[in-house]
Amino acid sequence: MHDEKRLPLGKQLLYQLLCLLIAAIVLYPILWVVAISFDARDIQRPTELIPPEFSLQAYQRVLTQPTSNPVSFLTLAKNSLLLASGVALFSVLIGVSAAYIFSRFDFRLRKVLMVAVLGVLMMPSIATIAPLFVLLNKISFNTGEIQFNLRNSLLGVGMAMISGALPFAIWNLKGYLDTIPKDLAEAAMIDGASFNQVFIRIILPLARPALAVTFFLGFLTGWTEFAISWQFLTNPQDFTLSMALWNMTGQYSGDTPWSAFAAMALMLSLPVALVYLAFQRQIVSGLTMGSVK
Amino acid sequence: MSTTTKTLRGTGYGSQSKTSQIGQTRTIILYLLPAFLVMSIITFYPLFYQLWMSTTDFGVANLRQTAPPPDSVGLENYIDIFTGGLAAKVPKFDFVYLIGFNLWWTFSNVVIHVALGVAIALLVNQKGLWFKSVYRAIYVLPIILPTLVVATVWRNMFDPASGALNLGLAQIGSLFNIPPETFAIRWFDQIDRPIAWLPLPLSYFALLITNVWLGWPFMTIVATAALQSIPGDLYEAAKIDGANSPQQFWNITLPMLRPAMVPATVYGIITTFNLFNLIYFTSRGGPLRQTEIMVSTAYRLVNEQRLYGVAAAFCVMIFFILLGLTLLTNRITRATESYDA
């Protein structure tokens, strides 16, 4: 360890000043959003930095019906939750076994398959939106009573999102599984455990933190996904929170007051912010790991 | 060390008899099957379909199930994009500017993020600094907010009349008797370049401010973790050898930060190059498409112009540009190698 020497007072004050300045810059937009979300006046745009009166009416408005679309906050949140957790869970569940094989074995097609996964991984999800839109749009039926188009459904959006989430899950999990000592599995096999037993009884429990972080990273992406859902979905009952937030700003906002937009932005952020804070360290290492290994 | 010997050692199938090799192959196939089956259908097949689409004039008329297939146009879509012929369908489309802007956008952001991130990590890591944990808790806020939220909030921050930026500047200005009208800055709509000889609109600088606000904390977190893992003995030994602070910084701190900062920088480059949410929600590519990046252009080709064939060609090009970028960075990080336990 270093010697815990004291900073000279002059330096201390200078550094404090710098740190405070940075803190002020970081906090400025956040405090501003929080402030205008409590604006008591029912006006479209604020005229001062801090509203003169505070109330919860913007939150009330958002919770009942955030946009001009006939859809409630609860439905939007349910759709976002369903998409995010569905995509994250599915990609972790079927990704982990593939990740383990990549981490443990060398086989003839290993390099080819890994490059394929990596190649897809570097594609932004928007870069495959055209073929996914066209292909999923082909799957539809109309029985008169039920009209179904896979493209125009949460299921279709979920499939399009898994297209990118699954390669990411495989890559990210492989990075973690690589760090589990191989002797562990070997010792168990010498003791007579089968490959499946090793995987289920030893590897999966050890990988639990990695599974959780990969799930959460997938969830984060799904929770704030915008481009695919905006392109695919047309029925307001299927809309997500992100789409509603976009509807509340800019050319589609109509007469949405900024206070309602701010309340919506904060409510959208809160759940992910809380979990992020809880998992912060693992997430940061998970993110960089995904790009190196 | 070659990959082959390293991973084979750990297979767990110690004997190389024929039966166990078959068993091993079966296990590999079984474990890979679910993921690769799903990816074949919803990842790889669409990618090849995209390749075919890019050689057609796929449009809205070809969407319906009963619609005729699109006409093949060969490489026309690619040629249109390269030579600027696309400007006939997409006003103000300028491919050379677009690529140049996208690369400059990435470069300028990542350089500032890394430099600021490391500098602030060093500052907050000073021994004996008061309120360290308070600052750390505050500085993490930009990353825990979804980019989507950050982007929409900053869009409003930059509003000429009601935005917190102009209002804040006016408040500061009033201390110096500057009239508030001075700060009716039209951040995203001003056409005149702020710096005459630089072909970048004011909108770019507004985006840069937003993304610097958003981007440095991640680098600070990575750098802080690396700083804390540097053994203190190194500095003590250096001190005994008579090295001063700048020498210690250049010879110990910086080299020890490098292994952590290189992958973080690679991650930053890829993310910033594709930062759709920020561009689409904040400047919306404006004014006059001058702050559009590749992915936001691709999205508009699908979502607004509905030129699916052209969009496919555009995305195939994005793929190759990213491939180049990744290969370049892979040479540094050797991403495909398996972990050396």
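Below, read A as the first sequence line, B as the second, and so on, with proteins coming before strands; counting in each chain starts at 1.
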Measure distances from [X] to the heavy atoms of chain B and classify the residue's part below 4.5 Å as side chain, backbone, both or neither.
X	answer
A:Phe107	side chain
A:Ile170	side chain
A:Asn196	both
A:Ile129	side chain
A:Ile126	both
A:Ser91	neither
A:Ala116	both
A:Ala273	both

When you measure from the side chain of [X] to the backbone of [Y], do you find a donor-acceptor pair of N or O atoms at a distance under 3.5 Å?
X	Y	answer
B:Gln171	A:Leu49	no
B:Thr43	A:Ser163	yes
B:Tyr308	A:Val134	no
B:Trp213	A:Ile25	yes

So B:Val124 and A:Tyr15, side-chain contact (heavy atoms from CB on, under 4.5 Å) or not? Walk me through it. CA-CA 9 Å; B:Val124 184; A:Tyr15 291 160; over 6 Å; no
Count the heavy-atom pairs under 4.5 Å between each of A:Trp223, A:Phe199, A:Phe90 and chain B, then report the option with the highest count.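 Going by pairs under 4.5 Å, I would pick A:Phe199.
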Quick one: of A:Val272, A:Leu93, A:Leu166, who has the most non-hydrogen atom pairs under 4.5 Å with chain B?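 Ranked by contacts with chain B, first place is A:Leu166.
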Describe, in one word, how the ring planes of [X] and [Y] are oriented to each other, choosing from parallel (under 30°), tilted (30 to 60°) and perpendicular (over 60°).
X	Y	answer
B:Tyr31	A:Tyr100	tilted
B:Phe36	A:Phe102	perpendicular
B:Phe281	A:Trp246	perpendicular

Go through it in stages, so that I can follow the logic: the residues are A:Cys19 and B:Trp130, the test is side-chain contact (heavy atoms from CB on, under 4.5 Å), and I'd like the CA-CA distance, side-chain angles, deciding distance and then a yes or no. CA-CA 10 Å; A:Cys19 286; B:Trp130 300 332; over 6 Å; no
Closest heavy-atom contact between [X] and [Y]?
X	Y	result
A:Pro46	B:Ser162	O-CB, 3.1 Å
A:Ala127	B:Gln50	O-NE2, 2.8 Å
B:Pro34	A:Ile94	O-CD1, 3.9 Å
B:Val153	A:Pro29	CG1-O, 4.4 Å
B:Asn274	A:Met122	ND2-O, 4.2 Å
A:Ala227	B:Phe276	CB-CE2, 3.9 Å

As a quick check of understanding, evaluate side-chain contact (heavy atoms from CB on, under 4.5 Å) for A:Leu266 and B:Val149, giving each step before the final call. CA-CA 8 Å; A:Leu266 290 171; B:Val149 168; over 6 Å; no
Would you mind reporting whether [Y] and [X] have side-chain heavy atoms less than 4.5 Å apart?
X	Y	result
B:Met39	A:Val117	yes
B:Lys127	A:Leu7	no
B:Leu129	A:Gln16	yes
A:Ser242	B:Leu148	yes
B:Gln24	A:Phe195	no
A:Leu132	B:Tyr49	no
A:Pro131	B:Leu47	no
A:Pro124	B:Leu322	yes

Between [X] and chain A, with a heavy-atom cut-off of 4.5 Å, which part of the residue counts as in contact: side chain, backbone, both or neither?
X	result
B:Phe58	side chain
B:Leu30	neither
B:Met157	both
B:Leu123	side chain

Taking [options] one by one, which has the highest count of heavy-atom pairs under 4.5 Å against chain A?
options	answer
B:Phe319, B:Phe314, B:Tyr299	B:Tyr299
B:Ala311, B:Ala164, B:Ala298	B:Ala164
B:Thr152, B:Leu301, B:Val140	B:Thr152

In this structure, are over 12 heavy atoms from other groups packed under 6.0 Å from [X] atom [atom1]?
X	atom1	result
A:Ile50	CD1	no
B:Arg306	CZ	no
B:Lys132	NZ	yes

Test side-chain contact (heavy atoms from CB on, under 4.5 Å) applied to B:Thr147 and A:Thr224, step by step: CA-CA 8 Å; B:Thr147 321; A:Thr224 57; over 6 Å; no
Identify the residue among A:Ile22, A:Leu20, A:Val26 that makes a side-chain contact (heavy atoms from CB on, under 4.5 Å) with B:Tyr135.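 Option passing the side-chain contact (heavy atoms from CB on, under 4.5 Å) with B:Tyr135: A:Leu20.
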